[in-house]
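Working notes, structure below.
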Amino acid sequence: MPLLYHRPMSNARLEQFKQMAAEFPDAPMAHFSLGKAYLELRQYAEAAQALETAVRLDPSYAAAMVSLGDAYTGAGQTQQAREVLTRARDTALAQSHASLAEEIDERLSGLD
């Protein structure tokens, strides 16, 4: 279902995500949320940093790996994007998430 209303990222919301990551430094979801906020703002270096933390904290967090691949792609780091997306696809398949693996394959084919 398409999103009918998409509220743009505000500075206040971004600050909330930063605070959440600071308050819960060992929570992968906090860093994932912060990374997604930075992605929305097209701040790819900051997004990559937050998402790298999420993946380091939970190496099986396929959604964080996919978003990290998006951050690397946005930053023009194609090789890093390819590596993390390949790892994400393998993780998704290992977790029986075939539809996520297909989505990742689409991203990988777009890197060529």
Q | Separation between OH of Y61 and OG1 of T91, rounded to the nearest 0.5 Å | A | 13.0 Å
Q.
Before you tell me yes or no, could you show the steps for Q19 and E15 under side-chain hydrogen bond (donor to acceptor under 3.5 Å, both in side chains), namely the whole-Å CA-CA distance, both residues' side-chain angles and the distance that decides it to 0.1 Å?
A. CA-CA 6 Å; Q19 182 178 350; E15 289 305 316; over 6 Å; no
Q. Distance from L108 atom CG to L85 atom CG, nearest 0.5 Å?
A. 5.0 Å
Q. Would you say L39 and L51 make side-chain contact, with heavy atoms under 4.5 Å?
A. yes
Q.
As an exercise, state the distance from CD of Q16 to CG of L34, rounded to the nearest 0.5 Å.
A. 12.0 Å
Q: Could you tell me the separation between the NZ atom of K36 and the CZ atom of F17, rounded to the nearest 0.5 Å?
A: 10.5 Å
Q) For Q49, does the CD atom sit with more than 12 other heavy atoms under 6.0 Å from it, leaving out its own atoms? A) no
**Q.** From M65 atom CE to R89 atom CZ, the distance as rounded to the nearest 0.5 Å
**A.** 12.5 Å
Q) Do R107 and T73 have side chains that get closer than 4.5 Å, going by heavy atoms? A) no
Q) Honestly curious: do L57 and V84 fall in one hydrophobic cluster under the side-chain, below-4.5 Å linking rule? A) no
Q: Measure from the side-chain N and O atoms of H31 to the backbone N and O of P25, and report whether any donor-acceptor pair falls under 3.5 Å.
A: yes
Q. Is F32 close to D58 at the side-chain level, that is, under 4.5 Å between some pair of heavy atoms?
A. no
Q. For A62 and A88, which heavy atoms make the closest approach, and how far apart are they?
A. O-CB, 4.2 Å
Q | Heavy-atom donor-acceptor pair, Q95 side chain to S60 backbone, under 3.5 Å | A | yes
Q | Main-chain N/O of A64 paired to S67 side chain as donor or acceptor, under 3.5 Å | A | no
Q. Does a side-chain heavy-atom distance below 4.5 Å link R87 with D90?
A. no
Q. Linking I/L/V/M/F/W/Y whenever their side-chain heavy atoms sit closer than 4.5 Å, directly or via other members, would V55 and Y72 fall into one cluster?
A. yes
**Q.** Test item: I104 and T86 side chains (from C-beta on) under 4.5 Å apart, heavy atoms
**A.** no
Q. Would you say F24 and Y38 are hydrophobically clustered, going by side-chain heavy atoms of ILVMFWY under 4.5 Å?
A. yes
Q: Identify the heavy atoms of A101 and A92 that sit nearest to each other, and give their distance.
A: N-CB, 4.0 Å
Q. Do L41 and M20 share a hydrophobic cluster (ILVMFWY, side-chain heavy atoms under 4.5 Å, transitive)?
A. yes
Q: Kindly give the heavy-atom pair with the smallest separation between P28 and A54, and that separation in Å.
A: O-CB, 3.5 Å
Q.
What's the separation between atom CZ in R13 and atom OG in S33, rounded to the nearest 0.5 Å?
A. 10.0 Å
